[in-house]
Amino acid sequence: MKPLLSKSLLIILIGIAFFQITFGTKLMNWDMMDITFPWRNFIGACLREGVLPTWNPFITLGFPQQADPQTWYPISALISLPFGYNLYALHFEFILHLIIAGLGFRYLLKSFQVKNEIALMLFPLAYVCSGFFVGNAQFMGWIVSAAWIPIILASTIQFFQNPQWKALLQLALSLFMLITGGYPGLFIITGYIILVMAFYYLWKKYRPHPREIPWTKMIAGVLLFLSISSVVLYCSFEIRSHIYRDELTIDRTLFGSLSTESFISLLYPFSTVNQTNELGNVDVSIINSYFGIFSLAFILLGFFQKNRKALLLFGAAAIFFLIALGNDLPLRKLLYYLPFWNTFRFPTIFRLFGIIFSLIAAAQVFNQIDLQRDRKKIIGIFVSIAVLQLAIIIGQLSIAETLWLATKKNLRFFITESSIAQRVAVQALLIGVIYSLAALIILLKRKSNYIAWIAPLLIIELLLFTQMNGAKTVYNLDTNFKETQAAIASLPQEFPFPNFNDSLVNSQDNQLQAPPSLWRNINMLYKKPTFYGYTPYYLDNTSALENDSALQEIISAPFLYFLQKAPTQQITITEFRPNKITCAVSTEEANQLVLAQNNYPGWNVSIDGNKASHQTIHHTMMAIKIPPGDHTVTFEFSSKTVTVLFWTSLLTFIATLAGYVYARVKK
């Protein structure tokens with residue numbers, strides 16, 4: 001198989017595996033629609049209006065959007081520029097990152113000297129169809145992380161094996177993609193893995209010749225990354241003293257642990273589509289560890305072959321899987337004391353690295369298969385897998401009821417009504433058929449390349465299992481993509497002036513007509529400020545207001561108002577952008593003008609063009625004293641530091657990207 005054909009097949013198969021998203025027949029699930037889409041929709045609207053998305057006035061009395069690293073993610077920004085960030089953009093971004101993940105994993109395998117083109121197509125597909133991507137499809141940050149991490153690992157290996165600028169620039173760029181588009185916890189873990197890899201290569205390769213250590217390039221790479229990421233790092237650290245969730249206790253870092261029982265998903269991922277006590281009562285979106293049954297088969301073959309490299313890789317994978325068992329084992333608790341490891345939850349994210357190293361190990365074995373010497377071993381493993389499925393099916397006494405349940409209505413009904421045993425039985429039947437056929441093909445194709453003949457069966461396994469779990473964790477069966485997109489398109493695409501008849505309560509989600517299948521952060525799509533919001537960030541002062549006994553009275557006011565009411569006073573908004581509000585006000589007596597936005601560092605106020613001081617009122621809102629008469633008041637969220645760092649990041653990013661392209665072209 002030619003490399004171009006292998007890559008093309010990989011991309012096509014990824015599109016087929018997630019065809020509901022590829023072709024826009026269903027909406028995505030949970031946080032992807034509740035958080036990712038509204039936030040990216042807002043950022044896209046800002047960029048199309050020529051506004052730097054530093055402040056979001058439409059959620060929890062305003063949020064420093066600049067503090068969310070994904071605000072600065074260049075790929076989602078570029079996607080939103082032509083037509084704004086709609087549902088088509090969301091689906092395109094998701095599929096694009098699956099493709100990046102597949103091609104990136106292919107690149108990583110080549111760094112481990114895997115040259116078999118079937119392996120370079122099959123195992124990257126297994127990575128994209130793994131339980132991490134399928135189970136965690138609702139978390140765009142996790143998907144983006146998993147897309148770039150293989151490229152980061154490959155770039156690190158490439159640099160230390162041959163310290164050239166091309167690998168260094170690629171590493172800096174991909175790390176920037178990870179820190180802006182990904183989940184912070186995965187960035188921290190990846191950073192530690194890079195350090196371990198660096199120490200390994202420095203000891204193994206440069207210990208005899210320490211003067212050859214590329215210190216200059218290594219320091220340059222660190223400085224380059226810090227320069228590209230300067231605006232992200234500054235804004236992320238600035239918000240630390242203002243948010244409710246910052247340093248976590250040990251117990252809180254264990255939230256979102258993998259359960260020991262969930263390892264059943266290695267063979268039967270369909271068993272995890274419902275949250276039950278039998279699987280540790282863990283959320284279905286973080287419990288799936290599947291990465292292909294054939295991958296486990298080839299790892300087992302590696303044990304028989306005593307393949308040292310594959311076994312070491314699988315040993316590393318096992319360590320990561322054990323760390324993921326945060327509540328069941330003490331490993332994650334011990335790691336809590338490392339720098340920055342007290343800042344993120346979800347030990348289940350460690351299973352991503354377990355999957356990565358397991359697949360590399362399996363690909364190593366696959367790449368070194370001797371078609372004749374290993375033939376009987378492979379047949380034996382495949383037959384054993386098929387026999388195991390037969391035993392499970394026989395052990396499921398209600399198999400007739402199971403098959404009746406599976407065919408009675410539809411997949412939605414089966415997911416909802418079936419037991420774990422029934423779901424395992426159905427999947428065991430599929431596994432038994434696939435591996436019986438694979439063993440038969442190997443038995444019949446004695447003198448030919450039987451690997452090429454069984455590859456389609458292994459691909460079918462990945463596609464089938466992705467679809468079975470995807471109906472629960474990737475897409476929503478009860479949705480209509482076109483209907484929801486049409487409803488979203490009818491909402492304001494720019495930034496309308498706030499209505500003084502709307503209170504902060506009237507703009508909350510349950511007071512607005514939501515587009516079909518959406519129900520959280522609807523006010524962001526309507527572009528209406530509100531006190532409420534579904535967000536991973538919550539400012540301390542907003543939390544204080546929430547606990548105030550006068551909360552309902554305070555948030556019954558509009559977006560902008562005078563504290564002391566009078567019949568002759570007047571407020572007219574003349575300019576409204578997310579980070580700038582200008583209004584003409586008139587009052588016969590001195591008064592206080594209140595802006596229902598969080599008083600966060602960076603807000604500046606002027607009266608008639610002259611800078612004026614403002615104060616905090618109601619725990620978190622802003623107020624400014626207005627003298628009698630007619631005046632023009634401007635509230636503007638702007639930080640010179642952020643502006644300078646933004647341009648520093650942007651120019652460094654462009655220069656680094658240009659240097660990387662030049663290095664590739666020159667080669």
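Quick note: residue numbers are just sequence positions, from 1. The basis for the numbers below is simple: all heavy atoms, side chains too, and nothing from hydrogens, waters or symmetry mates. Bear in mind the structure is a predicted one, so any value in this text is a computation, not a measurement.
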Sorted by first residue and then second, give each side chain to side chain donor-acceptor pair (under 3.5 Å) pair with at least one member in residues 183-197; sequence neighbours left out.
none
Any pair counted as side chain to side chain donor-acceptor pair (under 3.5 Å), so long as it reaches residues 135-146, sequence neighbours left out
Asn136-Arg351, Gln138-Ser285
Begin from the C-alpha positions of Thr272 and Ile420 and carry the test side chain to side chain contact (heavy atoms under 4.5 Å, CB included) through to its verdict.
CA-CA 8 Å; Thr272 66; Ile420 289 180; over 6 Å; no
Are [X] and [Y] close enough that their ring centres sit under 6.0 Å apart?
{"X": "Phe481", "Y": "His91", "result": "yes"}
{"X": "Tyr290", "Y": "Phe465", "result": "yes"}
{"X": "Tyr127", "Y": "Phe133", "result": "yes"}

Counterpart residues, side-chain hydrogen bond (donor to acceptor under 3.5 Å, both in side chains), relative to [X] (two or more places apart):
{"X": "Ser289", "result": "none"}
{"X": "His97", "result": "Tyr73"}
{"X": "Thr71", "result": "Gln65"}
{"X": "Tyr526", "result": "none"}

Taking only residues two or more places apart in sequence, or in another chain, which ones meet Glu261 in a side-chain contact (heavy atoms from CB on, under 4.5 Å)?
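Only Ser259, Leu279 meet the side-chain contact (heavy atoms from CB on, under 4.5 Å) criterion with Glu261.
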Check salt bridge (charged side-chain N to carboxylate O under 4.0 Å, His left out) between Arg332 and all other residues, then give those that pass, not counting sequence neighbours.
none
Mind checking salt bridge (charged side-chain N to carboxylate O under 4.0 Å, His left out) for Lys26 and listing every partner two or more places apart, or none if nothing turns up?
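Not a single residue meets the salt bridge (charged side-chain N to carboxylate O under 4.0 Å, His left out) criterion with Lys26.
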Return yes if some donor-acceptor pair links the side-chain N/O of Arg423 with the main-chain N/O of Ser271 below 3.5 Å, else return no.
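Yes: the side chain of Arg423 pairs with the backbone of Ser271.
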Enumerate the salt bridge (Lys or Arg N to Asp or Glu O under 4.0 Å) contacts for residues 472-485, please, sequence neighbours excluded, ordered by first and then second residue.
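Every salt bridge (Lys or Arg N to Asp or Glu O under 4.0 Å) pair that includes a residue of residues 472-485, provided the two are not neighbours, is Arg412-Asp478.
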Does Phe303 have any ring-ring contact (aromatic ring centres under 6.0 Å, His included) partners at least two apart in sequence or in another chain, and if so, which?
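Checked Phe303 against ring-ring contact (aromatic ring centres under 6.0 Å, His included); zero matches.
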With a cut-off of 3.5 Å and sequence neighbours excluded, list every side-chain donor-acceptor pair involving residues 311-331.
from, atom 1, to, atom 2, distance (Å)
Asp328, OD2, Thr260, N, 3.1
Asp328, OD2, Thr260, OG1, 2.7

Classify the side-chain pair Gln20/Gln467 by whether it contains a donor and acceptor separated by less than 3.5 Å.
yes
